[in-house]
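Step one of this worksheet: look at the structure below.
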Amino acid sequence: MASERDHRPIPPSLASALAEGDGPRFWRSLEQLAASPDAMRALEREFPHLGEAARTDRRTLLKLLGASLALAGLTACEEAPNRPIAARARNVPGHAPGQPLHVATTLMQDGYGLGVVVESHGGRPVKIEGNPLHPASLGAADAFAQAEILTLHDPDRSSAIRQGGAVRSRSDLARMLDALAVEMEGRGGAGLRLLTGPTSSPTFIALAAALAERFPEARWHRHAPALSDSPYQGARLAFGQALETRFDLSRAEVILALDADVLAQGPGWMAHAAAFAARRDPDGLMSRLYVAEPCPTPTGTRADHRLALAPDAILRLAADLGATLGVSAPGGGEPHPMVPVLAEDLRRAGAAALVVAGPRLPPEIHALVHAINGRLGAIGTTVVHTAPVLPVAEADGLAALAEDMAAGTATHLLILDANPVYDAPAGLGFAERLARLPFSLHLGLYEDETAAGCRWHVPMAHALESWGDARAWDGTVSLMQPVRAPGAGRISALELIAPLAGQQMAGRAADGRALVRDHWRGERGEADFEAFWTRALHDGVIAGTAHEPQPVEPATPPPIDLGGAGGGLRVAFAPDPAVWDGRYAGNAWLQELPRPLSKLVWGNAVLLAPATAATLGIADGDVVEVELDGRTVSGPVFVMPGHAPDSATLPLGYGRWRAGFVGSGVGFSAYALRGNEAAWFGAGAALRRTGRRDPLVTTQDHHTMAGHTMAGRDVVRAATLVEFRQNPGFARPDAAPLPSFYPEVRYEGHAWGMAIDLNACLGCNACVVACQAENNVPVVGREEVAIGREMHWLRIDRYFEGPPDDPALHLQPMLCMHCEKAPCEVVCPVNATVHDSEGLNVMVYNRCIGTRYCSNNCPYKVRRFNWFDYAGRREGAPVEVYNPDVTVRERGVMEKCTFCVQRISAARIEAKREGRPLRDGEVRTACQQACPTRAITFGDLNDPNGAVAARKRSPRNYGVLADLNTQPRTTYLARVDNPNPDVQKRPQNRRQQDGGGS
C-alpha cells in the first residue's frame with residue numbers, strides 16, 4: 001500500500017549530496033527525494049492499491065479488473081436511497097419559499113467570536129460562510145467554522161438529560177436547579193464552582209457576575225487546553241495590567257514571528273492573513289517575514305527566512321535580539337548568526353516593524369517582545385493594545401479548582417462546555433477528584449469523558465441552535481441567533497445558569513433570546529431599541545463596540561529563565577490543525593482532512609526532524625515511547641522535513657475514548673505526557689523504540705503527477721523579488737502557443753476560468769472543507785484513504801525546496817483544470833465528461849459507467865472514483881447536511897470539481913430575473929469564498945475588465961503542465977519571496993539551474 005509502506009529517513013550522506021546540488025528542486029516527500037525505486041513505482045501507479053494484484057498472474061488480474069468494472073457499471077444505475085428530510089413547518093416573513101435563507105450569526109472559537117452567515121434550505125442549515133461585516137472573518141470562513149455544519153447534524157450528539165444514567169425531563173432539571181439555588185443561598189454559595197471554557201459573551205459574563213453577587217463564596221474557573229494565558233500575563237509584566245495585543249500586518253514592512261503561527265491560528269488570524277497577503281504584491285508593496293519555530297506551520301511556509309529552532313533556542317534568540325536592540329540582557333553563549341541581521345532589518349523598518357510572540361512562549365518573552373516593539377516605535381502603528389476580550393482573574397484556572405476539590409472546599413461543580421477529564425494536565429488527578437464530589441453537572445454537545453464522570457449530564461444546544469453574543473479579537477460584539485430549533489432537552493449555557501443567577505423569566509424556563517435582549521436593552525436603553533436589535537440581527541455585528549487602543553509604555557522586561565540546554569530531547573505540544581484540542585475528534589470531515597504539512601489523516605504522530613530520526617534509527621510508523629518527568633506515552637513517528645533537530649512535536653486532540661463512532665480510539669493522547677508545570681514545552685525527554693509499528697495514513701504521495709513532474713517540469717514555480725524584477729516572465733519561458741489537432745473554439749457568452757495566487761496561499765484547508773460542504777463530497781474512512789481512495793475534489797499539494805532538515809515550503813491547491821483541450825474527454829466511451837457552452841468540463845453522472853479511463857488520462861490526477869456508497873456509510877455525513885443544489889453521487893461514477901456550476905446557474909437565473917447581465921465577481925466558488933487571503937479568483941475570461949482576466953495578464957501567470965497543450969482554465973501566479981539580500985542564499989537542490997524537475 002502506497003500510504004503504509006516503510007518511510008525511511010534520509011541518510012546524512014544523501015542529505016549532504018542533495019545540498020551540493022543533486023536531486024529535484026521541488027519534492028513532495030523524502031521517498032521522492034531519495035528516488036526510492038519502490039516509492040517511484042507507487043507514485044507512477046494510478047491506483048496504488050492494485051499493486052499487490054499486479055504481482056499475480058495476468059489472468060487473475062484481469063478477473064479483478066473485470067469484476068470491478070462490472071460492479072461500477074451496475075451500481076452507477078442504482079436508485080438513490082429513500083432518506084426522509086424534514087422541511088420547515090412555516091415560512092419566514094419576507095422570504096420566498098424554495099429560496100435559500102441566509103442568517104447572520106456567530107460561532108465561538110476558544111472564547112472569541114467569529115461572525116458567519118449560514119445558508120439554510122427549508123429550515124435545514126447546509127453551508128456556513130464568513131460574514132463580510134465581521135472583523136474576524138471579513139467574509140472568509142476557516143475549516144473549523146465550515147465543519148460546524150457536520151457537528152450540528154451529528155447523530156452522535158447528546159439528546160437526553162441524564163442523572164446517573166437515567167433519563168430525566170426538563171422539569172426534573174428545573175427542580176434540581178431550584179433546589180441547588182436554595183441550598184447555595186443558605187451558605188452564600190460556599191462550595192459552588194463553575195467551570196467553563198473561555199468566553200467573551202457579554203451576556204454570559206453579566207450572568208456570571210449576577211451569580212457571584214447572589215453567591216459571593218462561589219468561584220468561576222475557566223479552562224481551555226489549547227488557549228494560553230501567557231499573552232495576558234506578559235502584558236501584565238510589561239504594562240502592569242492584562243491587555244489584548246492586536247497586530248496590523250497591513251502596515252508592517254518587516255515581521256518577526258517567534259513560534260507564532262499568526263497567519264493560521266489564534267484570534268483574528270484570518271484578518272491577519274488577509275492583511276499580510278495584501279502586502280505581498282511583487283508589483284507593489286512587499287513585506288518581509290522571518291519565522292523561528294520548532295515545527296513547520298502555515299506561517300512558516302510564507303517565511304522569507306525560516307529558522308528551525310528548538311523551543312529553548314527560540315528563547316535564546318529572543319533574549320539575544322533584545323540585548324542587541326538594547327532592551328534586555330543577552331541569553332548567554334554564542335548568539336545565533338541571524339540576530340544581527342534581524343536587529344538591523346527591524347531597526348531599518350522602525351515603526352513599520354513588528355515582532356510577534358506565540359502563545360506557547362512564557363510571559364517573560366511576551367514582555368520582552370513588548371519592550372522590543374516599544375523600542376522600535378511599532379506600538380501604535382503595527383501593534384496596539386486594548387482592554388482584554390476574555391475575562392481575566394487570578395487563580396481562575398483548572399489547577400486552582402483541582403486544589404479546592406482535593407481540599408474539600410469545592411463540593412458542587414457545574415462544568416459547561418469543557419472536557420477536563422480528557423484534557424486536564426497529567427498529575428492533577430481530575431477524574432478521581434471529580435468522582436468524589438457530592439454534586440456534579442456537565443453541559444456539553446456530547447456524552448463525552450467528562451459527562452461519564454458527572455452525576456448529571458445535560459445536552460447543550462449547538463451555537464447554531466442558540467441565542468447569545470460574543471466579542472471578536474478587536475472587541476466587536478456580534479449576536480448569535482439560532483438557524484434551527486434545538487432538539488428536546490438541549491439548552492444553552494445562558495439558559496442553564498440564568499436560574500442560578502436569579503434571572504429566571506417570570507416563573508418559566510429561562511429563554512436565551514430574552515436574556516440577550518434584556519442585556520442589550522440595559523446597555524442601549526429603551527430608545528430605538530427595536531431598530532437597534534433588528535439592525536444587529538441583520539448585520540450580525542453591533543457597530544461601535546470595538547475596543548479602543550490604549551496608550552501604553554512598556555516597562556523593562558524581567559529576566560528570562562532560559563532553562564539551560566540540559567540533555568535529552570525537547571518536547572513541544574501543539575493543537576492539532578484539524579481536531580484542535582480534541583473537541584472536533586468526532587467530526588469526520590476534519591478527521592479526513594490532510595494536515596497542512598504532514599498530510600496525515602485519521603491520527604496523530606510524534607513529529608521528528610530527518611536528522612534526529614536518522615540518528616535514532618527511526619522510520620515513519622515506528623512506535624516509540626516518549627518519557628517526560630516520569631510520564632510516558634507511546635505513538636508512531638512521522639519524519640517531518642524542516643522540523644528542529646533534537647526536538648519532538650506532539651499534536652494534541654487525539655486518544656479520545658468517548659468521542660462517538662468517528663473519534664473514539666483514534667491516535668494517542670499527548671495529554672498523558674503534558675504536565676501543568678510544562679504545558680507547552682518540556683526538556684530532558686527520553687525516546688525509546690518499542691519494536692512495534694503503527695502504519696500511518698498520509699496522503700502526501702497520493703495523486704502525484706509523477707510521470708510528468710519527473711520529466712523535468714516544475715509544477716511549482718518560485719523566484720526571489722530580485723529575480724522577478726530582473727526577469728518578470730520567469731514563470732512561463734515556454735508561453736508560445738503549441739500546435740494541436742483540436743479545433744479552436746470561441747465562446748460567445750461566458751468562458752469561466754480561475755487563477756490561484758501561490759504568493760497568498762497558506763494551505764489552511766479552508767477551501768478543502770468549503771468544497772466538501774458545498775458539493776456533498778463524502779468521507780471514506782481510514783482504511784479507504786490508506787489505499788488512495790479519498791474523495792476530496794480539491795487537494796493542496798505540498799512541496800519542499802532545499803535540504804530535508806532546512807527546506808523552503810511551497811503549497812499549491814490542485815483541482816480540475818477544466819482544460820480547454822481536455823485529455824479526459826476523448827477517452828470516455830460514453831461521453832460522460834464533456835465541454836459545455838461556457839467552457840466548463842462537466843460530468844454527466846447518469847452516463848458514467850466507471851471505466852476510469854478519464855482518470856488514467858488526466859495528467860493532474862484530480863478525478864475521484866466513487867468505489868462504494870460512501871455517502872450512505874455510517875462514517876458519512878447525515879442526510880441533513882447535503883446541499884440540495886448538488887447531486888449526491890452513488891457509487892460507480894467519477895467525480896471532480898465543477899467550478900461550483902450550481903452557483904453559476906443560480907447567479908444566472910437571478911441576473912435574468914432582474915433583466916441584467918452577470919456582474920464580475922457575482923459568481924464565487926465555494927473555495928474562493930472561504931479563502932482568507934483571497935488567493936483564488938474566479939470569473940469570466942471573456943470580460944477583459946474582470947478580476948480573473950487581470951490576474952491572467954500577470955507575468956507570473958502560468959499553467960501547470962502547459963507544455964502538454966491541455967490549455968488549462970485554472971492557472972497559477974508564481975510565488976515571489978522577498979529574502980534579505982544580506983543573508984547568504986541557501987543552495988537549492990536542482991537537476992538544472994534553470995528550473996529542473998519537480
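Computed from a predicted model, the values in this text were never measured in an experiment.
- Using a 4.5 Å cut-off on side-chain heavy atoms (C-beta onward), Tyr290 and Ile255 make no contact.
- Closest approach of Pro557 and Ala371 over heavy atoms only: CD-CB, 3.8 Å.
- Within the 4.5 Å cutoff, no side-chain heavy atoms of Thr612 are placed close to those of Val639.
- The two residues Ala318 and Leu258 come nearest to each other via the heavy atoms CB-CD1, 3.9 Å.
- In this structure, Leu600 and Leu696 have side chains that are in contact, with non-hydrogen atoms separated by less than 4.5 Å.
- When atom types are taken as modelled, the side chain of Asp261 and the backbone of Thr297 share no donor-acceptor pair closer than 3.5 angstrom.
- The residues Glu449 and Arg583 are annotated as not salt-bridged, no charged nitrogen and carboxylate oxygen being separated by less than 4.0 angstrom.
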For a side-chain hydrogen bond (donor to acceptor under 3.5 Å, both in side chains) check, start with the C-alpha distance between His223 and Asp423, then their side-chain angles and the critical distance, and finish with the verdict. CA-CA 10 Å; His223 168 64; Asp423 56 31; 2.8 Å; yes
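- Summarising the geometry of Ala357 relative to Ala260, their closest heavy-atom pair is C-CB, 4.0 Å, with the distance given to 0.1 Å.
- Side-chain contact between Gln591 and Val779: absent, with no pair of heavy atoms (C-beta onward) separated by less than 4.5 Å.
- You'll find the side chain of Ser669 stays beyond 4.5 Å of the side chain of Tyr654, heavy atoms only.
- Annotation: cation-pi geometry satisfied between Arg656 and Tyr422 (NZ/CZ under 6.0 angstrom from ring centroid, within 45° of ring axis).
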Test salt bridge (charged side-chain N to carboxylate O under 4.0 Å, His left out) on Arg570 and Asp312; report intermediate values, then the result. CA-CA 8 Å; Arg570 283 78 167 167; Asp312 56 300; 3.1 Å; yes
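- Distance alone, capped at 3.5 Å, places no donor-acceptor pair between the Ser647 side chain and the Ala572 backbone.
- Within the model, atoms CG of Leu107 and CG of Leu114 stand 6.0 Å from one another, a figure rounded to the nearest 0.5 Å.
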What verdict does the salt bridge (charged side-chain N to carboxylate O under 4.0 Å, His left out) test give for Asp448 and Arg658, after you've listed the backbone C-alpha separation in whole Å, the side-chain angles of each residue and the deciding distance to 0.1 Å? CA-CA 5 Å; Asp448 57 21; Arg658 288 182 65 91; over 6 Å; no
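- Arg798 places a side-chain N or O within 3.5 Å of a backbone atom of Leu597 that can act as its donor or acceptor partner.
- For the residue pair His810/Asp797, the side-chain donor-acceptor check at 3.5 Å is not satisfied.
- In this structure, the separation between OG on Ser230 and CZ on Arg236 is 11.5 Å, given to the nearest 0.5 Å.
- Between Phe247 and Leu354 there is a side-chain heavy-atom pair separated by less than 4.5 Å.
- A salt bridge links Asp259 to Arg360: at least one charged side-chain nitrogen sits closer than 4.0 Å to a carboxylate oxygen.
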Evaluate side-chain contact (heavy atoms from CB on, under 4.5 Å) for Leu390 paired with Thr199, printing each intermediate quantity in order. CA-CA 6 Å; Leu390 304 180; Thr199 181; over 6 Å; no
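- Between Leu361 and Phe681, some side-chain heavy-atom pair lies under the 4.5 Å cut-off.
- Interatomic distance, CZ of Phe430 versus OG1 of Thr450, reported as 7.0 Å (0.5 Å rounding).
- With values rounded to the nearest 0.5 angstrom, Leu307 atom CG is found 8.0 Å from Asp806 atom CG.
- Between the side chain of His366 and the backbone N or O of Gly358 there is at least one donor-acceptor pair closer than 3.5 Å.
- Listed for the Thr690 side chain is a donor-acceptor partner under 3.5 Å among the backbone atoms of Val623.
- Of the possible polar contacts, none joining the Asp417 side chain to the Gly444 backbone as a donor-acceptor pair under 3.5 Å is found.
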Could you go through Ile618 and Val637, starting from their C-alpha distance and side-chain angles, then the distance that decides it, and tell me whether this counts as side-chain contact (heavy atoms from CB on, under 4.5 Å)? CA-CA 8 Å; Ile618 296 172; Val637 162; 3.6 Å; yes
Should Thr699 and Arg795 be marked as a side-chain contact (heavy atoms from CB on, under 4.5 Å) after you check the CA-CA gap, both sets of side-chain angles, and the distance that decides it? CA-CA 10 Å; Thr699 64; Arg795 70 177 189 266; over 6 Å; no
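- With sequence neighbours left out, Arg219 forms a salt bridge (charged side-chain N to carboxylate O under 4.0 Å, His left out) with no residue at all.
- The line from CG of Leu401 to CG of Asp396 is 10.5 Å long, rounded to the nearest 0.5 Å.
- Judged purely by atom type and a 3.5 angstrom limit, Asp156 uses its side chain to pair as donor or acceptor with the backbone of Phe661.
- Between Asp694 and Arg692, no side-chain nitrogen of the basic residue sits less than 4.0 Å from a carboxylate oxygen of the acidic one, so the salt-bridge criterion is not met.
- Residue Leu608 comes nearest to Leu569 through the heavy atom pair CD2-CD2, 4.5 Å, listed as atom of the first residue, atom of the second, then distance.
- Looking at Asp805, its side chain does come within 3.5 Å of a backbone N or O of Ala611 through a donor-acceptor pair.
- Phe144 pairs in a ring pair (Phe, Tyr, Trp, His ring centres under 6.0 Å) with only one of the listed residues (Trp589, Trp269, Tyr584), which is Tyr584.
- Among residue pairs with one or both ends in residues 590-610, those qualifying as salt bridge (charged side-chain N to carboxylate O under 4.0 Å, His left out) are Asp576-Arg595; sequence neighbours excluded.
- Considering all non-hydrogen atoms of both residues, Trp473 and Pro267 come closest at CB-CB, 3.7 Å.
- A donor atom on one side chain and an acceptor atom on the other are found under 3.5 Å apart for Asp154 and Tyr446.
- The two residues Gly586 and Val662 come nearest to each other via the heavy atoms O-CB, 3.6 Å.
- Between the CZ atom of Arg674 and the CG atom of Leu628 there is a distance of 12.0 Å, given to the nearest 0.5 Å.
- A distance-only check finds no donor-acceptor pair linking the side chain of Tyr112 to the backbone of Pro198 [under 3.5 Å].
- In this structure, the side chains of Leu673 and Leu650 come closer than 4.5 Å at one or more pairs of heavy atoms.
- Checked options Arg688, Arg631, Arg689; the residue passing with Glu625 is Arg688 (criterion: salt bridge (Lys or Arg N to Asp or Glu O under 4.0 Å)).
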Verify side-chain contact (heavy atoms from CB on, under 4.5 Å) between Phe638 and Ser598, making sure each step is shown before the conclusion. CA-CA 8 Å; Phe638 182 83; Ser598 68; 3.7 Å; yes
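- Judged by distance alone, with hydrogens and angles left aside, the side-chain atoms of His221 form a donor-acceptor pair with the main-chain N or O of Gly397 at under 3.5 Å.
- Relative ring orientation between Phe239 and His370 is described as tilted, the plane-to-plane angle lying within the 30° to 60° band.
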